[in-house]
Amino acid sequence: LRNLTEESSQKVQNDFKKLMEDVSAAKSTFSLKENRDLCDDILNYSKEYLKEFDALAKENISNFKNGITAESEDMKNRISKMSNIGLEIEHKIQEINKNAIMLREDAYKSLDIDLVILAIVATSIFILISIVISNNIVNSLENFKNGLFSFFAYLNRESSNVELINLDTKDEFGQMSTIVNENIIKTQKGIEEDRKLIDETISVLGEFEQGDLCQRLNLNVSNPAL
């Protein structure tokens with residue numbers, strides 16, 4: 001400030017212009033209102049600084065050209081004011097940095113909380129899906145077991161009818177139940193044919209006992225042995 005030239009004066013103006021451009025660009029990215037207000041303060045202080053600097057530069061350069069080296073009281077006051085403005089700008093930038101650190105810490109805390117919530121939700125969903133899958137497996141096994149028990153009871157003549165396995169799923173249990181149901185139907189048909197054949201045979205034998213030897217069996221069965 002005390003040894004100003006045209007070149008150094010221009011450099012200061014360029015540096016402050018760059019500072020104001022950077023601050024304006026940063027302001028548009030801030031979500032915190034306090035930081036945006038601090039940017040406005042920095043811009044206003046920078047304009048005020050440049051205003052004082054321009055006046056000081058013109059006076060200082062003019063005095064230098066005229067061989068005047070003594071500083072006037074007005075120059076000293078301007079230099080003091082500019083120093084204070086510089087300190088204010090530095091203070092505002094430090095405030096933005098503090099806010100950035102606080103936001104970062106808050107973001108870390110929020111992230112930790114979000115991760116905990118995500119872990120709880122993911123675990124809950126996993127447990128729920130596991131329960132649903134296990135229940136489906138248990139229900140499928142139960143239906144498969146009941147269908148087999150019903151078929152075995154029919155085979156052992158403990159029941160007069162048989163129920164098909166009630167599973168229409170597309171998984172392995174559904175495929176197995178389809179195959180078992182097909183065989184149940186075939187077996188049931190064969191058993192019913194066999195029973196009809198046996199019943200008619202008994203009837204024909206009864207006629208034979210009465211001396212009627214013209215009776216014949218007129219049934220077709222799928223059992224080759226019978």
### Message
Between Asn183 and Phe151, is the side-chain contact (heavy atoms from CB on, under 4.5 Å) condition met? List the steps.
### Response
CA-CA 10 Å; Asn183 285 277; Phe151 179 55; over 6 Å; no
| said: Let's go through Arg78 and Met75 carefully: what are the C-alpha distance in whole Å and the side-chain angles of both, what is the deciding distance for side-chain contact (heavy atoms from CB on, under 4.5 Å) to 0.1 Å, and is it a yes or a no? | reply: CA-CA 5 Å; Arg78 286 184 186 279; Met75 289 179 65; 5.6 Å; no
Does any part of the side chain of [Y], heavy atoms only, come nearer than 4.5 Å to the side chain of [X], both counted from C-beta?
{"X": "Asp114", "Y": "Leu118", "result": "no"}
{"X": "Val132", "Y": "Asn136", "result": "yes"}
{"X": "Lys189", "Y": "Ile185", "result": "no"}
{"X": "Leu56", "Y": "Asp74", "result": "no"}

- Message: I'd like to know if the side chain of Ser134 reaches the main chain of Ser130, judged simply by a donor and an acceptor atom lying under 3.5 Å from each other, with no hydrogens or angles considered.
- Response: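 Between the backbone of Ser130 and the side chain of Ser134 there is a qualifying donor-acceptor contact (under 3.5 Å).
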Sidechain-backbone polar pair: Thr29 side chain, Ala26 backbone, donor-acceptor under 3.5 Å
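Flag set: sc Thr29 to bb Ala26 pair under 3.5 Å.
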Which is it for Arg36 and Asp40 under the salt bridge (Lys or Arg N to Asp or Glu O under 4.0 Å) test, yes or no, and what are the steps along the way?
CA-CA 6 Å; Arg36 296 197 297 269; Asp40 290 335; over 6 Å; no
task = Heavy atoms only: give me the nearest Ile85-Tyr45 pair and the separation to one decimal.
result =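 Scanning both residues completely, I find the closest heavy atoms to be CG2-O, 3.4 Å.
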Examine the side chains of Asn44 and Glu48 and answer whether a donor and an acceptor come within less than 3.5 Å of each other.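 There is no such pair (donor and acceptor under 3.5 Å, judged by atom type) between the side chains of Asn44 and Glu48.
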Please check if any side-chain donor atom of Asp54 sits under 3.5 Å from a side-chain acceptor atom of Gln13, or the reverse.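 Per modelled atom types, Asp54 and Gln13 side chains form a pair under 3.5 Å.
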Next on the checklist: Tell me whether Ile125 shares a hydrophobic cluster with Val116, the cluster being built from Ile, Leu, Val, Met, Phe, Trp, Tyr side chains joined at under 4.5 Å.
Outcome noted: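 No.
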Problem set entry | Shared hydrophobic cluster for Ile117 and Phe126 (ILVMFWY, side-chain gaps under 4.5 Å) |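 Looking at the clustering, Phe126 is in a separate group from Ile117.
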Might you work through the salt bridge (Lys or Arg N to Asp or Glu O under 4.0 Å) test for Arg195 and Asp199, ending with a clear yes or no?
CA-CA 6 Å; Arg195 285 178 178 174; Asp199 291 341; over 6 Å; no
Euclidean distance, [Y] [atom2] relative to [X] [atom1], rounded to 0.5 Å:
{"X": "Thr201", "Y": "Leu197", "atom1": "OG1", "atom2": "CG", "value": "4.0 Å"}
{"X": "Asn35", "Y": "Met102", "atom1": "CG", "atom2": "CE", "value": "10.0 Å"}
{"X": "Cys39", "Y": "Leu32", "atom1": "SG", "atom2": "CG", "value": "10.5 Å"}
{"X": "Leu87", "Y": "Lys92", "atom1": "CG", "atom2": "NZ", "value": "12.5 Å"}
{"X": "Glu52", "Y": "Met82", "atom1": "CD", "atom2": "CE", "value": "7.5 Å"}
{"X": "Ser8", "Y": "Lys11", "atom1": "OG", "atom2": "NZ", "value": "9.5 Å"}

key: Atom CE of Met176 with >12 non-hydrogen neighbours under 6.0 angstrom   =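 Counting other residues, nucleotides and ligands, CE of Met176 exceeds 12 neighbours.
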- Message: More than 12 heavy atoms of other residues, nucleotides or ligands under 6.0 Å from CZ of Phe208: yes or no?
- Response: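 Correct, the count exceeds 12.
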| request: For Ile42 and Ile96, run side-chain contact (heavy atoms from CB on, under 4.5 Å): C-alpha distance rounded to whole Å, both residues' side-chain angles, the deciding distance at 0.1 Å, then the answer. | output: CA-CA 11 Å; Ile42 293 174; Ile96 292 177; 3.8 Å; yes
Next item on the list: Begin from the C-alpha positions of Phe30 and Leu103 and carry the test side-chain contact (heavy atoms from CB on, under 4.5 Å) through to its verdict.
Entry: CA-CA 11 Å; Phe30 289 145; Leu103 286 174; over 6 Å; no
With side-chain hydrogen bond (donor to acceptor under 3.5 Å, both in side chains) as the criterion, how do Gln10 and Asn14 come out once you've worked through the C-alpha distance, each side chain's angles and the decisive distance to 0.1 Å? CA-CA 6 Å; Gln10 187 61 44; Asn14 292 338; 3.1 Å; yes
* Asked: Can we say Glu21 and Lys18 salt-bridge, meaning some charged N sits less than 4.0 Å from an Asp/Glu carboxylate O?
  ->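 Salt bridge between Glu21 and Lys18, a charged N being under 4.0 Å from a carboxylate O: no.
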